[in-house]
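Remarks on the structure that follows.
Computed from a prediction, not measured in an experiment: that's the story for all the values here. Every chain is numbered from 1 and lettered A, B, ... according to where its sequence line falls, protein lines coming before strand lines.
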Number of protein chains: 2
Amino acid sequence: MKAPARPIRRATLHHSAVEELRAMILDGELPPGVRVPEVQLCEQLGISRTPLREALRVLSSEGLVELRPHRGAIVAPVDPGEIGAIFEVMDALERLAGTLACRNGSDAEFAKLDRMHDQLVTQHEAGERAAYFLTNRQIHAQIVAMARNPALEATYAGFAAKILRARSLANYDTGRWQESVDEHEGFMAAFRRRDAEEAGALLADHSRRTAVAVIQALRQPPVQAVGQEGGAAADPTPMDVE
Amino acid sequence: MKAPARPIRRATLHHSAVEELRAMILDGELPPGVRVPEVQLCEQLGISRTPLREALRVLSSEGLVELRPHRGAIVAPVDPGEIGAIFEVMDALERLAGTLACRNGSDAEFAKLDRMHDQLVTQHEAGERAAYFLTNRQIHAQIVAMARNPALEATYAGFAAKILRARSLANYDTGRWQESVDEHEGFMAAFRRRDAEEAGALLADHSRRTAVAVIQALRQPPVQAVGQEGGAAADPTPMDVE
DNA sequence: GATTGTAATATTGTATACAATTTGGCACGC
DNA sequence: GCGTGCCAAATTGTATACAATATTACAATC
């Protein structure tokens with residue numbers, strides 16, 4: 001008699017706090033570098049300091065916040081050099097995911113992947129960048145899920161979160177959009193052939209090219225929205241594609 | 001004026017507790033599946049429940065303990081299937097480490113690696129398994145360090161810890177020892193040629209073969225040391241090599 | 001005027017007290 | 001005899017109170 005896969009798991013406060021804070025950090029609501037006073041967050045989340053502190057410890061071990069003894073916690077800054085390192089690992093994870101997905105994915109999953117890709121292309125043609133971005137993430141998540149490897153899935157999620165945060169800071173070169181779609185076409189073709197090696201290689205290459213674009217965008221710091229309203233940017237949100 | 005790289009960082013209790021508990025888990029002092037009553041650990045470590053609980057949350061996010069709401073924490077069990085998944089990722093990390101080490105390692109580091117390898121061979125010939133095992137870990141850590149990638153280093157450490165724990169439970173096939181040394185000779189030759197691709201490939205292969213041996217050893221559960229003291233095992237600690 | 005030492009304040013680190021939930025046992029009924 | 005429901009004990013989850021440390025402002029001195 002094995003334990004049920006999903007024990008009901010009513011949420012505890014610190015668990016909810018982790019998810020809430022993580023979302024706030026990834027959404028940019030808590031930008032990198034800002035101090036995170038405990039009491040202020042406590043009343044904001046409506047909880048006491050104890051569960052909040054437990055949540056901060058978890059986020060620290062995930063690398064999203066930095067704990068400085070007796071000096072308070074800050075949202076972890078995004079270092080371009082570190083992002084480069086993260087992408088180097090991400091490339092390897094993408095390759096592994098692609099290879100394993102070919103080996104372990106079901107036909108139904110491959111069909112679903114195809115549909116998602118069609119949707120991606122449609123959204124690209126329609127210029128719906130926000131929707132495209134979401135679909136793109138879902139596609140990569142689907143590939144990772146098809147790999148049937150929980151360890152990979154968890155590790156991938158951690159890196160994807162950090163990359164997502166870095167992107168949200170960068171003014172992304174929209175010129176890469178078309179290029180990125182082409183790369184998607186490429187590895188999708190490999191997937192349809194169930195060519196594990198090729199799919200992995202193309203996914204890794206896709207990740208590497210994304211890295212170059214993101215890092216380049218990071219070097220040109222985003223227009224400080226505060227204080228200079230000159231250009232009337234066509235798109236208010238710093239958008240990025242992969 | 002940038003902040004100093006190493007602000008003194010006097011230890012806090014929960015930080016010390018994390019390291020202490022992690023060591024206890026990895027050393028097998030806290031075997032998988034055992035419950036971890038908070039109060040008992042508190043008096044054992046001489047701290048209060050608050051920092052201990054913060055430490056448990058961190059270890060949970062590392063995957064070394066499982067938190068069951070209102071039911072207490074247990075040391076995470078070692079599931080052979082999960083170990084297989086972990087090794088799949090580990091293979092990719094080893095490959096990446098080997099490739100990057102070739103590209104980024106200094107000549108001094110390569111020389112040091114050579115010396116460590118000589119020591120490894122000597123210890124193998126002398127049959128000093130414990131010393132061999134330690135040197136082996138140091139070699140792999142050195143390779144990862146030469147990759148110059150903090151993200152890889154952190155991720156690698158996490159996986160290595162879980163693998164180490166799995167090994168400590170398994171009766172390892174000593175027949176693999178010679179084979180493992182041969183594989184070390186192989187990737188060392190590639191390192192001496194600075195052949196990044198080959199070194200990475202051989203390291204990944206080495207990891208994969210280790211995985212097979214470890215998983216096979218896990219299937220044959222270890223002799224329960226308690227209750228049967230028959231064989232007077234030549235080596236008290238379940239030894240393993242890679 | 002600048003700098004250094006000191007003290008006050010604010011924030012974090014830790015301990016303890018209280019509330020909520022689970023679990024085991026026991027009695028009651030079927 | 002077996003199952004169900006309830007109660008009690010123990011353990012975890014949370015909140016609050018206290019202690020320790022860092023930061024800031026101010027003042028005294030050079």
Side-chain angles (χ1 to χ4, degrees), chain A residues 1-22 24-25 30 33-77, chain B residues 1-22 24-25 30 33-77:
Chain A
M1 183 197 293
K2 305 208 60 164
R6 289 278 173 96
I8 318 164
R9 179 174 297 230
R10 180 169 38 253
T12 60
L13 277 191
H14 65 261
H15 195 267
S16 312
V18 167
E19 300 196 347
E20 189 71 24
L21 285 176
R22 183 161 40 210
M24 289 170 72
I25 292 173
L30 292 176
V34 304
R35 284 201 53 209
V36 186
E38 296 182 359
V39 283
Q40 175 184 322
L41 271 184
C42 283
E43 50 197 34
Q44 186 169 344
L45 296 181
I47 62 178
S48 176
R49 277 185 61 209
T50 304
L52 176 77
R53 284 172 58 83
E54 292 177 357
L56 286 178
R57 297 302 178 278
V58 171
L59 292 173
S60 166
S61 95
E62 290 180 9
L64 290 181
V65 308
E66 275 185 18
L67 301 177
R68 303 166 305 172
H70 288 284
R71 295 183 55 191
I74 62 172
V75 177
Chain B
M1 184 196 289
K2 304 207 61 161
R6 291 277 174 94
I8 319 165
R9 178 173 297 228
R10 181 170 36 253
T12 60
L13 276 192
H14 66 262
H15 195 267
S16 312
V18 167
E19 300 196 346
E20 189 72 25
L21 286 176
R22 182 161 39 209
M24 289 170 73
I25 292 174
L30 292 177
V34 304
R35 285 200 51 212
V36 186
E38 295 182 359
V39 283
Q40 175 184 322
L41 271 184
C42 283
E43 50 196 35
Q44 187 170 344
L45 296 180
I47 62 178
S48 176
R49 276 183 62 207
T50 305
L52 176 76
R53 286 173 56 84
E54 292 177 358
L56 285 179
R57 297 301 178 280
V58 171
L59 292 173
S60 168
S61 95
E62 291 180 8
L64 290 182
V65 308
E66 274 184 19
L67 301 177
R68 302 165 307 173
H70 288 286
R71 296 184 52 191
I74 62 173
V75 177

Discussion item. Whether B:Arg35 contacts D:dA10 is assessed here as follows: a side-chain N or O lying under 4.0 Å from the phosphate OP1 or OP2. Is that the case?
Written reply: no

Fill in: Nearest heavy atoms of B:Val34 and B:Leu30, plus distance in Å
CG2-C, 4.4 Å

Worksheet item: For B:Leu52 and D:dT11, what is the distance between atoms CG and C1' respectively, to the nearest whole Å?
Response: 13 Å

Item to complete: Could you pull out the closest heavy-atom pair between A:His14 and A:Ala55, with the gap in Å?
Response: O-CB, 3.9 Å

Practice prompt. Rounded to the nearest angstrom, tell me the gap between atom CZ in A:Arg53 and atom C1' in D:dC18.
Written response: 14 Å

Item to complete: Please state whether the base of D:dT14 and the side chain of A:Thr12 form at least one donor-acceptor pair under 3.5 Å?
Response: no

Item to complete: Starting from P on D:dG13, measure out to CD on B:Glu54 and report it in whole angstrom.
Response: 14 Å

Worksheet item: Any side-chain N or O of A:His70 under 4.0 Å from OP1/OP2 of C:dT11?
Response: no

Discussion item. Side chain of A:His14 only, heavy atoms from C-beta on: which candidate in C:dA15, D:dT14, D:dT12 is closest?
Written reply: D:dT14

Worksheet entry | Phosphate OP1/OP2 of C:dT23: any B:Arg71 side-chain N/O under 4.0 Å | yes

Worksheet entry | Under 4.0 angstrom between B:Arg57 side-chain N/O and D:dG13 OP1 or OP2 | yes

Worksheet item: Could you give the CD-to-P distance, from A:Glu38 to C:dT14, as a whole number of Å?
Response: 11 Å

Worksheet item: Rounded to the nearest Å, what distance is computed from the CD1 atom of residue A:Ile47 to the C1' atom of nucleotide D:dA15?
Response: 11 Å

Worksheet, complete the sentence: Minimal heavy-atom distance between A:Ile47 and A:Ala17, with the atoms involved, is CD1-CB, 4.0 Å

Item to complete: Check the distance between C:dT16's C1' and B:Glu43's CD and give it to me in whole angstrom.
Response: 15 Å

Worksheet item: In whole Å, what is the span from the CG atom of A:Leu67 to the P atom of D:dT21?
Response: 18 Å

Worksheet item: So, do A:Leu64 and A:Val75 sit near enough that their side-chain heavy atoms are less than 4.5 Å apart?
Response: no

Item to complete: Can you tell me the distance, in whole Å, between the CZ atom of A:Arg49 and the C1' atom of C:dT16?
Response: 14 Å

